[in-house]
*Asks:* 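Have a look at this one.
In this text, all values refer to a predicted model and were calculated from it rather than measured experimentally.
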Amino acid sequence: MPELPEVETVRRGLADRLVDFQIGQVEVCRERAIASPGGSALFIKMLCGMHVGSWLRRGKYLMASLHHDVAQRSADSEPDPDGGWWGVHLRMTGQFQWHEAISSPCPHTRVRIWNKKDEELRFVDTRSFGQMWWVPPGNAPETIITGLQKLGPEPFSSAFNSSYLSKRLKGSKRPIKSALLDQSIVAGAGNIYTDESLFAARIRPHTPAGQLKKVELERLCDCLTEVLRVSIGAGGTTFSDFRDLEGINGNYGGQAWVYRRGGQACRICSTPIRRESLCGRGTHWCPNCQR
C-alpha cells in the first residue's frame, strides 16, 4: 500500500495539475469505487460543475475542497468549502493518471473525470480497493470518511513526539514495528518506512514497544520524520505499484538501507540483512546495528 511519501507525492501532483480545474463530466466505471452515501449517482451529480480547490492529505487519505465559483476557492485552512469535499484513498494499487488527449481506458479504470477542456483525470486501480467520497458542505470530512476518525497524529506535527509515544506505548508488549504500523498511533507510516526508520534509530523491530526508553523514542521520532522527508523528496519508492500522475515511480528504493535487502550486506557494517515475517509483514533489519 502506498505510504505517506507516495500519497504526499500524489497530493502535490494533483495540486499542480488541477489548478483552475472545473469538473465537466464524471464517469464511474466501477460502482464499488464510490464509498459515500448515495453511491455513484450522487457522487457524479454533486461533483459536476465544481471547481477543485486545495488538496489536503491526512495520513494516507487525500481530500480536495470543492467550490461553486472559482473565486471562492481559498487556502488549505478552508473549514467549510461551499461545494463540500472530494475524498480519496488509493488503498493498495490505486493511482491517478493525467490524459490531455482522448485515449481508451484500460480494463482497470474505475473513475474518469474531465474538465471543460476535455482533459481527463483517470483513476486506475488494479485490485479495486481504492475508494472515493463526496462529503456534503457543512459536514466535517471525518463524518463521511469514517477512517479519518481513527488516525493518530501526523509524523510532522508537533503532537508527534517522544512524550506522546511514551504515553501511548506505556506497558505495551507488542513489537515496536507493530506499534508504528498502527495508524491510530501515527498516521501514514507503513511497512517500508517503519523498517527504514527503525534501522536509522538502531532499534530492533522485535523490541517490546513499552520497553523503549525516552532517549530511544526521541531518536525514533527524529528518524521517522527524516526518513519520510527524504522519501518525499525522492517522490516515494519504486517497491510498490505506485506511480505519480505522470506515470513515474519513486526513487527512494535505491536509497533503502534495509527494506527488501534481505541477505545483502548492511551498508554500515557489512553484516547480512535479516528478513522474517513479523506482525504478518515482511520485516528487514541488521542484527549488528539494531541490537
*Asks:* Please round to the nearest 0.5 Å and tell me the distance separating atom CD of Q211 and atom CD1 of I203.
*Replies:*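 The CD atom of Q211 sits 12.0 Å away from the CD1 atom of I203.
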*Asks:* Measuring only between side-chain heavy atoms, which start at C-beta, is L42 closer than 4.5 Å to S36?
*Replies:*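 With C-beta onward as the side chain, the pair stays apart.
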*Asks:* Check R261 against A265 and note the closest heavy-atom contact, atom names and distance.
*Replies:*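 Result for this residue pair: NH2-O, 2.9 Å.
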*Asks:* Between M46 and W114, is there shared hydrophobic-cluster membership here, with clusters defined by ILVMFWY side-chain heavy atoms closer than 4.5 Å?
*Replies:*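 In one cluster with M46: W114, no.
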*Asks:* How far apart are the C-alpha atoms of D182 and R174, what are their side-chain angles, what is the distance that settles it, and do they pass the side-chain contact (heavy atoms from CB on, under 4.5 Å) test?
*Replies:* CA-CA 11 Å; D182 185 341; R174 64 173 169 171; 2.8 Å; yes
*Asks:* How far does CD of E276 sit from CZ of R274, to the nearest 0.5 angstrom?
*Replies:*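 The CZ atom of R274 is 8.0 Å from CD of E276, to the nearest 0.5 Å.
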*Asks:* What's the shortest heavy-atom distance between E196 and V227, and which atoms?
*Replies:*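 Where E196 meets V227 most closely, the heavy atoms are CB-CG1, 3.8 Å.
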*Asks:* What heavy-atom pair brings G147 and Y61 nearest, and what distance separates the two atoms?
*Replies:*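 In terms of heavy atoms, the two residues are closest at CA-OH, 3.3 Å.
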*Asks:* For T109, check side chain to side chain contact (heavy atoms under 4.5 Å, CB included) against everything at least two apart and list the hits.
*Replies:*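 With neighbours one apart ignored, the set is C29, P105, C106, R112, R122, V124.
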*Asks:* Determine which pairs satisfy salt bridge (charged side-chain N to carboxylate O under 4.0 Å, His left out) with at least one residue from residues 39-62, sequence neighbours left out, and list them in order.
*Replies:*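 Sorted pair list: E8-R57, R57-E154, R58-E154.
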*Asks:* side-chain contact (heavy atoms from CB on, under 4.5 Å) for L121 and F96? Distances and angles first, verdict last.
*Replies:* CA-CA 7 Å; L121 181 68; F96 281 104; 3.7 Å; yes
*Asks:* Ignoring hydrogens and geometry, is there a side-chain-to-backbone donor-acceptor pair from H284 to R260 under 3.5 Å?
*Replies:*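 Yes: the side chain of H284 pairs with the backbone of R260.
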*Asks:* When S128 is tested against each of R32, R110, R91 for side-chain hydrogen bond (donor to acceptor under 3.5 Å, both in side chains), which residue passes?
*Replies:*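 The passing option is R110.
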*Asks:* Using the ring of each side chain (for Trp, its six-membered ring), is F43 parallel, tilted or perpendicular to W86, with breaks at 30° and 60°?
*Replies:*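 It falls in the perpendicular class, over 60°.
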*Asks:* What distance separates S172 OG from L165 CG, expressed to the nearest 0.5 Å?
*Replies:*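 The CG atom of L165 is 11.0 Å from OG of S172, to the nearest 0.5 Å.
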*Asks:* For residues L278 and L212: do they belong to one hydrophobic cluster (side chain heavy atoms under 4.5 Å, members Ile, Leu, Val, Met, Phe, Trp, Tyr)?
*Replies:*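 They do not share one cluster, since no chain of ILVMFWY contacts under 4.5 Å joins L278 to L212.
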*Asks:* Is there a side-chain contact between N115 and Q22 (heavy atoms, below 4.5 Å)?
*Replies:*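 When only atoms from C-beta onward are counted, Q22 and N115 do not touch, as no gap falls below 4.5 Å.
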*Asks:* State whether the side chain of Q149 and the backbone N or O of E142 hold a donor-acceptor pair below 3.5 Å, judged by distance alone.
*Replies:*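 The answer is yes, because a donor-acceptor pair under 3.5 Å joins these two groups.
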*Asks:* For I102 and D118, run side-chain contact (heavy atoms from CB on, under 4.5 Å): C-alpha distance rounded to whole Å, both residues' side-chain angles, the deciding distance at 0.1 Å, then the answer.
*Replies:* CA-CA 8 Å; I102 296 174; D118 287 331; 5.5 Å; no
*Asks:* If I take atom CD1 from residue I192 and atom CG from residue L228, how far apart are they, to the nearest 0.5 angstrom?
*Replies:*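 The distance works out to 11.0 Å.
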*Asks:* Before accepting this row, confirm whether a basic side-chain N of the pair E100/R17 lies closer than 4.0 Å to the acidic partner's carboxylate O.
*Replies:*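 Judged by the 4.0 Å cut-off on N to carboxylate O distance, E100 and R17 do form a salt bridge.
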*Asks:* Could you grab the distance from atom SG of C289 to atom CD1 of I273, nearest 0.5 Å is fine?
*Replies:*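 That separation rounds to 7.0 Å.
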*Asks:* Can D125 and R30 be counted as an ion pair, charged N to O under 4.0 angstrom?
*Replies:*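 Result for this pair is no, no salt bridge flagged.
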*Asks:* Decide yes or no for L180 and L220: does some side-chain heavy atom of the first lie under 4.5 Å from some side-chain heavy atom of the second?
*Replies:*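 With C-beta onward as the side chain, the pair touches.
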*Asks:* Indicate the atoms forming the closest heavy-atom contact of A234 with Q255, along with that distance.
*Replies:*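 The pair with the smallest heavy-atom distance is CB-NE2, 3.9 Å.
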*Asks:* Look only at the side chain of S166 and the backbone of S162, and say whether a donor-acceptor pair between them is shorter than 3.5 Å.
*Replies:*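 Flag not set: sc S166 to bb S162 has no pair under 3.5 Å.
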*Asks:* Would you check if the side chain of Y164 reaches a backbone N or O of I185 as a donor-acceptor pair within less than 3.5 Å?
*Replies:*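 Side chain of Y164 to backbone of I185, a donor-acceptor pair under 3.5 Å: yes, one is there.
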*Asks:* Does the side chain of I232 reach to within under 4.5 Å of the side chain of R12, using non-hydrogen atoms?
*Replies:*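 Result yes, sub-4.5 Å side-chain heavy-atom pair found.
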*Asks:* Starting from L217, can I reach F160 by hopping between I/L/V/M/F/W/Y residues whose side chains sit under 4.5 Å apart?
*Replies:*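 Yes, it is one cluster - the side chains of F160 and L217 are joined through contacts under 4.5 Å.
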*Asks:* Compare all side-chain heavy atoms of P137 with those of D82 and state whether any distance is below 4.5 angstrom.
*Replies:*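 Counting from C-beta outward, P137 and D82 never come under 4.5 Å.
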*Asks:* Testing P205, C286, C223 for side-chain contact (heavy atoms from CB on, under 4.5 Å) with L198, which one passes?
*Replies:*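 Testing each of P205, C286, C223 against L198, the sole residue satisfying side-chain contact (heavy atoms from CB on, under 4.5 Å) is P205.
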*Asks:* Calculate, to the nearest 0.5 Å, the distance between atoms OG and NZ belonging to S184 and K150 respectively.
*Replies:*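 If I round to the nearest 0.5 Å, the distance is 10.0 Å.
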*Asks:* Are D195 and T283 packed together at the side-chain level, in the sense that at least one heavy-atom pair is separated by less than 4.5 angstrom?
*Replies:*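 Answer yes - side chains close enough.
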*Asks:* With side-chain contact (heavy atoms from CB on, under 4.5 Å) as the criterion, how do I144 and W85 come out once you've worked through the C-alpha distance, each side chain's angles and the decisive distance to 0.1 Å?
*Replies:* CA-CA 10 Å; I144 303 297; W85 296 91; over 6 Å; no
*Asks:* Below 4.5 Å, heavy atoms only, C-beta onward: do H68 and M50 meet side chain to side chain?
*Replies:*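 They are in side-chain contact.
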*Asks:* Nearest heavy-atom pair of A187 and G59: which atoms, and what distance?
*Replies:*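 It is CB-CA, 3.8 Å.
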*Asks:* Measure the shortest side-chain to side-chain distance between D16 and W55 over non-hydrogen atoms and say whether it is less than 4.5 angstrom.
*Replies:*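 Counting from C-beta outward, D16 and W55 never come under 4.5 Å.
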*Asks:* Is a donor on one side and an acceptor on the other found under 3.5 Å between the side chain of R204 and the backbone of Q290?
*Replies:*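 At least one qualifying donor-acceptor pair exists.
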*Asks:* Taking all heavy atoms of G190 and all of L181, pick out the closest pair and write down the distance.
*Replies:*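 G190 and L181 have their closest heavy atoms at C-CD2, 3.3 Å.
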*Asks:* What pairs meet the ring pair (Phe, Tyr, Trp, His ring centres under 6.0 Å) rule with one or both residues in residues 173-229, with sequence neighbours excluded?
*Replies:*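 Matches after skipping sequence neighbours: Y193-Y252, F199-W257, H206-W285.
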